[in-house]
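As the structure is a computational prediction, the values presented were derived from the model and not from experiment. Just the heavy atoms: all of them, side chains too, but no hydrogens, waters or symmetry mates, feed the values below. Residue numbers run from 1 in the order of the sequence given.
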Amino acid sequence: PRNFSVGKLIDHIIDPEQSLKVQHFQMDKPITASNICLCIGEFEVIPDDRDSRLTYFCHQGDSRLVQDTVRPVSGIIKRYESLLGCQLPFSELQFVFIDAPCTEATIY
């Protein structure tokens, strides 16, 4: 399975005895808790062919639907950057499309 989260992966530890994998992510700028996420699963990777900063992830078999859905995203971002006179404050954007989100959550 693929997993990813906000921030940059700075360290990962694999403990084969306990089948445990620990990953540490770091954010360079403060963000609110509502902007933190973690996704784990079997995802297809769909790079944006018009903007290398954009990457999309979806469940296997949904790539055609996602490609049709995200076709205008790079143009929309470029339009906003043009109107605002500045680039987005992120070096990359990753969008994850899921069709059945988990309904159980553990809050620490």
Side-chain angles (χ1 to χ4, degrees):
R2 175 182 291 273
N3 61 30
F4 44 91
S5 182
V6 295
K8 293 182 181 179
L9 178 64
I10 58 170
D11 187 29
H12 68 274
I13 302 166
I14 299 174
D15 183 354
E17 292 179 16
Q18 296 182 18
S19 298
L20 180 70
K21 182 176 184 180
V22 178
Q23 296 181 328
H24 297 106
F25 292 87
Q26 177 180 328
M27 293 295 301
D28 295 331
K29 298 177 183 177
I31 61 170
T32 60
S34 62
N35 289 320
I36 297 173
C37 71
L38 174 67
C39 297
I40 301 170
E42 297 292 333
F43 292 99
E44 287 186 45
V45 180
I46 306 167
D48 192 296
D49 57 356
R50 292 177 213 104
D51 189 335
S52 62
R53 299 176 296 174
L54 305 176
T55 307
Y56 311 99
F57 299 88
C58 66
H59 287 141
Q60 294 180 351
D62 291 341
S63 63
R64 187 74 191 142
L65 177 62
V66 169
Q67 287 173 337
D68 291 341
T69 302
V70 301
R71 185 168 287 122
V73 171
S74 61
I76 292 167
I77 290 174
K78 288 179 183 175
R79 176 74 173 145
Y80 276 108
E81 288 176 335
S82 173
L83 288 171
L84 297 173
C86 63
Q87 287 191 328
L88 291 173
F90 309 105
S91 60
E92 62 183 64
L93 292 173
Q94 298 179 341
F95 297 89
V96 181
F97 293 85
I98 55 174
D99 58 0
C102 178
T103 57
E104 295 181 28
T106 302
I107 300 171
Y108 297 95

*Minimum heavy-atom distance Glu44-His59, with the two atoms named*: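 Answer, listing the atom of Glu44 first, then His59: OE2-O, 3.9 Å.
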
*Do other residues, nucleotides or ligands put more than 12 heavy atoms under 6.0 Å from Arg79 CZ?*
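Counting other residues, nucleotides and ligands, CZ of Arg79 stays at 12 neighbours or fewer.
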
*Partners of Phe97 by ring-ring contact (aromatic ring centres under 6.0 Å, His included), sequence neighbours excluded?*
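Expected list: none.
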
*Who are the side chain to side chain donor-acceptor pair (under 3.5 Å) partners of Asp48, not counting sequence neighbours?*
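Here the qualifying residues are Tyr56.
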
*For the atom pair CD1 (Ile46) and CG (Leu54), what is the distance rounded to the nearest 0.5 Å?*
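It is 12.5 Å, given to the nearest 0.5 Å.
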
*Atom CD of Glu92 and atom CG of Asp51: how far apart are they, to the nearest 0.5 Å?*
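Taking CD in Glu92 and CG in Asp51, the distance rounds to 11.0 Å.
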
_pair Phe95-Thr55: side-chain heavy atoms closer than 4.5 Å_ =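 Phe95 vs Thr55: side chains apart.
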
*Going by heavy atoms in the side chains, are Leu93 and Arg53 under 4.5 Å from each other?*
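Answer no - side chains too far apart.
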
Taking only distance into account, with no hydrogens and no angle test, what donor-acceptor pairs under 3.5 Å do side-chain atoms of residues 64-76 form with protein atoms, sequence neighbours excluded?
unit_1 : atom_1 : unit_2 : atom_2 : d
Asp68  : OD1    : Arg71  : NH2    : 3.4
Thr69  : OG1    : Leu65  : O      : 2.8

*Tyr80 reachable from Leu88 in the ILVMFWY side-chain graph, under 4.5 Å edges*: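 Different hydrophobic clusters.
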
